[in-house]
Student: 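Provided herewith is a single structure, encoded as structure tokens, for subsequent inquiry.
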Amino acid sequence: MNETYNPKNTEKKWQDIWDADGAFSAEIDKSKEKFYALVEFPYPSGQGLHVGHPRPYTALDIISRKRRLQGQNVLFPMGWDAFGLPTENYAIQNKIHPKAVTEKNIARFKEQLKALGYSFDWNREISTTDPEYYKWTQWIFLKLFEKGLAYKAEMPINWCISCKVGLANEEVVNGVCERCGSEVVRKVKSQWMLKITAYAERLINDLDLVDYIEKVKVQQRNWIGKSVGAEINFNVTGTDEALRVFTTRPDTIFGATYMVMSPEHTMLDKYKERIKNWDEVLRYREDAAKKSDFERTEIAKDKTGVGLDGFTCVNPATGAEIPVWISDYVLISYGTGAIMAVPAHDERDWEFAQKFNLPIVEVVSGGNVADAAYTDTEKGTMVNSGFLNGLEVSEAKKKITEYLSDKRLGEGKVNYKLRDWVFSRQRYWGEPIPVVYCEHCGYVPLSEADLPLLLPEVESYETTDDGESPLSKITDWVNAKCPKCGAAAKRETDTMPQWAGSSWYFLRYIDNKNPDKFASQESLDYWMPVDWYNGGMEHTTLHLLYSRFWHKFLYDIGQVTSPEPYAKRTSHGMILGENNEKMSKSRGNVVNPDDIVGEFGADTLRTYEMFIGAFELAAAWSNEGVKGCRRFLDRVWRLQDMLKGGGYSDELKTAMHKTIKKVTADYENMKFNTAIAAMMALTNEFYRLERVTKAEFETLLILLNPVAPHITEELYEKLGNKKRIYQSKWPVYDENLTVSETVTIGVTVNGKVKASVDVSPDENQDDIKARIFAIPAVIKAVEGKEIVKEIYVSCRIYNIAVR
RNA sequence: GCCCGAAUGGCGGAAUAGGUAGACGCAAAGGACUUAAAAUCCUUCGGAGGUAACUCCGUGCCGGUUCGAGUCCGGCUUCGGGCACCA
């Protein structure tokens, strides 16, 4: 009898052995196929590791460990996305330097991750807050600036009128400040922007080059939101000037019965003398400033707006003078900030017209525009539309666009929902933006030789009363010389958003200590692109898109050789609390991974998180379920007590080959739960026979090793192996041996199961039919009925349709 | 509101290409072992009816396609993720 399974005796032991052996350190080796596996590096929060973290990490650890056994040269790195708001807020509250907080949090995270036995190459660890790292983040910014992709623009921020600070969206709860409950307004500030929109088309098109799960591609395409339409000029009555609109439905122009401008539209200010109800406009503008875009575009809410008195435009198609309104459902950030309203064929316009009694003119037949807007573009013919009458919508689109550009009234235009990236934060704990402002030269970038521009020490990390970054109060840091003319100049005091550091981190892992370049050409050539990147769906539209944008930019300037950073992208579901709600302190349903490791061991935690359910779906935590996985590992441990020598036994030969096949495929398809179920079933077979051969046991151990690396290494050693599992080979299966001689299939009558019958794959239908019609239950079911049809699907089903 | 997902026993979930719904695990019940408990092992385990053989119902709801639908189509409901300064 061997001693009982105690992970405390074995897990640390194997982690130390792997460390000492350098088992998982990756080096360039051109004789081997490379595999670069990437998981999203964590934000090292003060709460420590969450049970959600191990889910994706274990998943790619499994794939990495398996690929190594299959002979690939695997790079599986880990690091820290350590700049950010929570650390800064914690630092403010506790009067500790954010750097100290970060160091402490990283140490804790690292210890926790190490205890889980991941095969990370810790030699390649990085932190975005390390000056040797953010030097290159700043360097990329300089390149963007150099190419005209970084620029300054007036953009609104959330401003708490009481705290006098700029707030993150998250800190605005129901329109009020999360800290003090006061009103939050939008305040316009000059901010650094990155021109991601210049890459919109390629970010869509190049999705065809990569293997991302479909929902990620769809979400990115929708986020970029390409729409093809036209920009059209509507002359302002009595002037030479035009109000320009963007529309995806130029075909409906004859139905444009009024126009709507965003309350922020600059043309309003220009014509304020003409607008008789200017006071009303100002009041409306103030109210709109309090709402987010999200609130403003909500369709369910009551539409609001102000009709301009004394300001009208002319519909260029009909020649009619039409009223102009302002309303907050038109956003200044999309299109031209103004629309032509076609209430008959747009839902929002329809509701607005209903509320304010504006005329609704049908120009596409097919619906009943008195009841609802008719928005179908597939079916319908143009009516009430002059020279467009009788055309289909798509034809009308083409014709009116040509007409408008001939008459110089507008032209075809592609618009994207994607907006440029607001790159400034008025915060301390971020990368300083390496730019100075010189009165003579304007914004001047630092020279590359001056990087990294270090984040200076400050007394206080509190944002300032005027909404500027805390850096603005450090005068001897702010005061600098213009790199161009040498005159006195001021440094930019905004810092970069957390997204900056995470937009290129995969490039630093491959050569993390290089002092001269973010990564050497050799390492880029060998390791890039990332072969498999797994992360949360919540990062699909921001992080994933931002990093693709930066990588494409680096590609354009010849710094990297692949147009896309990630060859493959998969996604995991969240781990919820036992009550099926998101884990949070306030809900009291948080599970600490340390407790699970302490009580059951890391292998149990890993096995459980992989067994919990379909990888891509959310799953609720269950402490009872954890116990079940520990029980499975206990059963595997006790297999050593029923060990017999020899190869695969005759009884289990098929089961062994089938299991190898299933586990091998399931791991690659991230169906970890069914892979584990198959290994449980195999273990149950050993128990049923009350013995396991050495070869069978070793195969099980290697198959299970990626999921539960410690227990399997220990048992493998106990079997007398001098080599470790990590040095062994992935088992192979023989396809011919995975097929059983007979299969049990169902016999159904009109789709209802009546009996089952064993068939062999090569048996012909007539023989099977003869046997089936001898079964009493089948005879009874078809008795006195007419047999209409019989369907036999080989090794699947035999169905008899009767009447 | 817009975009993307999801819904299957008491519970977590399984079901390559539309082919025996409920694999595997948890919980529960009964039994074996034990002085006892824990652990372990064995059995039962979707619902209703029936002594039984067996019958009927059953994959969120309504309808459709099909010899056959958890799976496909149309229309809903509810829940989760994202909505650009949380990351």
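Throughout, protein chains are lettered first and strands after them, A, B, ... in sequence-line order, and every chain is numbered starting at 1.
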Student: Using atom types as modelled and distance alone, determine if a side-chain donor or acceptor of A:Thr495 lies under 3.5 Å from a backbone N or O of A:Tyr428.
Tutor: no
Student: What pairs of residues pass the side chain to side chain donor-acceptor pair (under 3.5 Å) test when at least one of them lies in residues 606-617 of chain A, not counting sequence neighbours?
Tutor: A:Asp61-A:Arg606
Student: Choose from B:C86, B:C85, B:G81 the nucleotide whose nearest atom is closest to any side-chain atom of A:Lys582.
Tutor: B:G81
Student: Find the distance between CG (A:Asn89) and CZ (A:Arg427) and round it off to the nearest 0.5 Å.
Tutor: 5.5 Å
Student: With a 4.0 Å cut-off on heavy atoms, is A:Arg630 in touch with a base, just the backbone sugar-phosphate, or nothing at all?
Tutor: nothing
Student: Base, sugar-phosphate, or nothing: which does A:Ile676 touch, judged by heavy atoms less than 4.0 Å apart?
Tutor: nothing
Student: Please check: side-chain N/O of A:Tyr687 versus main-chain N/O of A:Arg635, any donor-acceptor pairing under 3.5 Å?
Tutor: yes
Student: Measure distances between side-chain N and O atoms of A:Asn799 and base N and O atoms of B:C67, and say whether any donor-acceptor pair falls under 3.5 Å.
Tutor: yes
Student: Provide the distance between the two C1' atoms, one in B:A27 and one in B:G46, to the nearest whole Å.
Tutor: 15 Å
Student: My understanding is that only residues two or more places apart in sequence, or in another chain, count here; which of them pass salt bridge (Lys or Arg N to Asp or Glu O under 4.0 Å) with A:Lys627?
Tutor: A:Glu624
Student: Touch check for A:Thr541, heavy atoms < 4.0 angstrom, all strands: base, sugar-phosphate only, or nothing?
Tutor: sugar-phosphate
Student: Assign a letter to each nucleotide of nucleotides 13-18 of chain B from its 5' end: B, base within under 4.0 Å of a protein heavy atom; S, sugar-phosphate only; -, no contact.
Tutor: SSS-B-
Student: Looking at A:Arg631, I'd like to know whether one of its side-chain N or O atoms comes within less than 4.0 Å of OP1 or OP2 on B:C26.
Tutor: yes
Student: Would you classify A:Leu85 as touching base, sugar-phosphate or nothing, given that sugar-phosphate means primed atoms plus P, OP1 and OP2, and contacts are heavy atoms under 4.0 Å?
Tutor: sugar-phosphate
Student: Can you measure A:Ile745 atom CD1 to B:G19 atom P for me and round it to whole angstrom units?
Tutor: 14 Å
Student: Does B:G25 have OP1 or OP2 under 4.0 Å away from a side-chain N or O of A:Asn684?
Tutor: yes
Student: If the cut-off is 4.0 Å, is A:Lys215 near the phosphate of B:C4, judged by side-chain N/O to OP1 or OP2?
Tutor: no
Student: Do the non-hydrogen side-chain atoms of A:Met642 and A:Leu639 ever get within less than 4.5 Å of each other?
Tutor: yes
Student: I'd like to check the ring-ring contact (aromatic ring centres under 6.0 Å, His included) partners of A:Phe352; sequence neighbours left out, ordered by chain and number.
Tutor: A:Tyr258, A:Trp325, A:Tyr329, A:Phe356
Student: Say we look at B:C73 and B:U78: how far apart would their P atoms be, to the nearest angstrom?
Tutor: 22 Å
Student: Record whether the side chain of A:Glu538 comes under 3.5 Å of the base of B:C86 through a donor-acceptor pair of N or O atoms.
Tutor: no
Student: Using the C1' atoms only, state how far B:C86 lies from B:A15, rounded to an integer number of Å.
Tutor: 39 Å
Student: Determine the interatomic distance between C1' on B:C26 and the same-named atom on B:G75; round to the nearest Å.
Tutor: 37 Å
Student: Please classify the nucleic acid contact of A:Lys752 as base, sugar-phosphate, or nothing, using heavy-atom distances under 4.0 Å.
Tutor: sugar-phosphate
Student: Would you give the length of the straight line joining atom OG1 of A:Thr674 to atom NZ of A:Lys662, rounded to the nearest 0.5 angstrom?
Tutor: 4.0 Å
Student: Heavy atoms only, 4.0 Å cut-off, all strands: where does A:Ser502 land among base, sugar-phosphate and nothing?
Tutor: nothing
Student: Identify whether any heavy atom of A:Ser424 sits under 4.0 Å from a base atom; if not, whether one sits that close to sugar-phosphate; answer base, sugar-phosphate or nothing.
Tutor: base
Student: My understanding is that only residues two or more places apart in sequence, or in another chain, count here; which of them pass salt bridge (Lys or Arg N to Asp or Glu O under 4.0 Å) with A:Lys195?
Tutor: none
Student: OP1 or OP2 of B:C41 sitting under 4.0 Å from any side-chain N/O of A:Arg638?
Tutor: yes
Student: Round to the nearest Å and state the distance from A:Lys658 atom NZ to B:C24 atom P.
Tutor: 13 Å
Student: Looking at RNA chain B, which of residues 218-225 of chain A put a heavy atom within less than 4.0 Å of it?
Tutor: A:Val218, A:Gln219, A:Asn222, A:Trp223
Student: Select one nucleotide: of B:C85, B:C26, B:U20, the one nearest the side-chain heavy atoms of A:Gln191.
Tutor: B:C85
Student: Which is true for A:Gln426 with a 4.0 Å heavy-atom rule: it touches a base, it touches only sugar-phosphate, or it touches nothing?
Tutor: base
Student: The side chain of A:Arg425 lies closest to which of these nucleotides: B:G81, B:C85, B:A21?
Tutor: B:C85
Student: Does the side chain of A:Ser794 come within less than 4.5 Å of A:Tyr792's, by heavy atoms?
Tutor: yes
Student: Counting the atoms with a prime plus P, OP1 and OP2 as sugar-phosphate, which does A:Ile157 contact under 4.0 Å by heavy atoms, base, sugar-phosphate, or nothing?
Tutor: base
Student: Can you tell me the distance, in whole Å, between the NE2 atom of A:His539 and the P atom of B:G82?
Tutor: 9 Å
Student: As a test of reading the structure: which of B:C24, B:A27, B:U20 is closest to the side chain of A:Ala681, going by heavy atoms?
Tutor: B:C24
Student: When rounded to the nearest 0.5 angstrom, what distance separates CE in A:Met583 from CG in A:Leu576?
Tutor: 7.5 Å
Student: Is B:G9 in the syn range, within 90° of 0, or in the anti range?
Tutor: syn
Student: Quick one: salt bridge (Lys or Arg N to Asp or Glu O under 4.0 Å) partners of A:Lys152, sequence neighbours excluded?
Tutor: A:Glu492
Student: Output a table of donor-acceptor pairs, distance under 3.5 Å, between side-chain atoms of residues 533-540 of chain A and any protein atom two or more places apart or on a different chain; print 'none' if there are none.
Tutor:
residue: A:Tyr533; atom: OH; partner: A:Tyr505; partner atom: OH; Å: 2.7
residue: A:Tyr533; atom: OH; partner: A:His543; partner atom: NE2; Å: 2.7
residue: A:Asn534; atom: OD1; partner: A:Thr570; partner atom: OG1; Å: 2.7
residue: A:Asn534; atom: OD1; partner: A:Ser571; partner atom: N; Å: 3.4
residue: A:Asn534; atom: ND2; partner: A:His572; partner atom: ND1; Å: 3.0
residue: A:His539; atom: ND1; partner: A:Glu40; partner atom: OE1; Å: 3.0
residue: A:His539; atom: ND1; partner: A:Glu40; partner atom: OE2; Å: 3.4
residue: A:Thr540; atom: OG1; partner: A:Met537; partner atom: O; Å: 2.7

Student: Test of understanding: with ring-ring contact (aromatic ring centres under 6.0 Å, His included), list the residues that count as partners of A:His657, not counting sequence neighbours.
Tutor: A:Tyr648
Student: Which nucleotide in the list B:C85, B:C4, B:U20 gets nearest to the side chain of A:Val422?
Tutor: B:C85
Student: Classify A:Leu576 by what it touches in the nucleic acid, base, sugar-phosphate, or nothing, heavy-atom distance under 4.0 Å.
Tutor: nothing
Student: Which sits closer to the 5' end of RNA chain B, A:Asn750 or A:Ala678, going by the nucleotide each is nearest to?
Tutor: A:Ala678
Student: Checking contacts here: which listed nucleotide (B:A84, B:C24, B:A27) is nearest the side-chain heavy atoms of A:Ala677?
Tutor: B:C24
Student: Applying a 3.5 angstrom cut-off to the pairing atoms, does RNA chain B sit in any stems of at least three consecutive Watson-Crick or G-U pairs? List them by first number.
Tutor: B:1-7 with B:77-83, B:10-12 with B:24-26, B:28-32 with B:40-44, B:46-49 with B:54-57, B:60-64 with B:72-76
Student: Nucleotide by nucleotide, 5' to 3', does protein get under 4.0 Å of the base (B), only the sugar-phosphate (S), or neither (-) in nucleotides 50-55 of chain B, counting heavy atoms?
Tutor: ------
Student: Going by salt bridge (Lys or Arg N to Asp or Glu O under 4.0 Å), name the residues that satisfy it together with A:Lys754, two or more places apart in sequence or in a different chain.
Tutor: none
Student: Which heavy atom in A:Phe41 sits nearest to a heavy atom in A:Gly79, and how many Å separate them?
Tutor: CB-O, 3.2 Å
Student: Treating A:Asp420 as the side-chain partner and A:Thr197 as the backbone partner, does any N or O pair qualify as donor plus acceptor under 3.5 Å?
Tutor: yes
Student: Can you tell me how far C1' in B:G9 sits from the matching atom in B:C4, rounded to whole Å?
Tutor: 29 Å
Student: Whole angstroms only, please: what is the NZ-P distance between A:Lys417 and B:A84?
Tutor: 14 Å
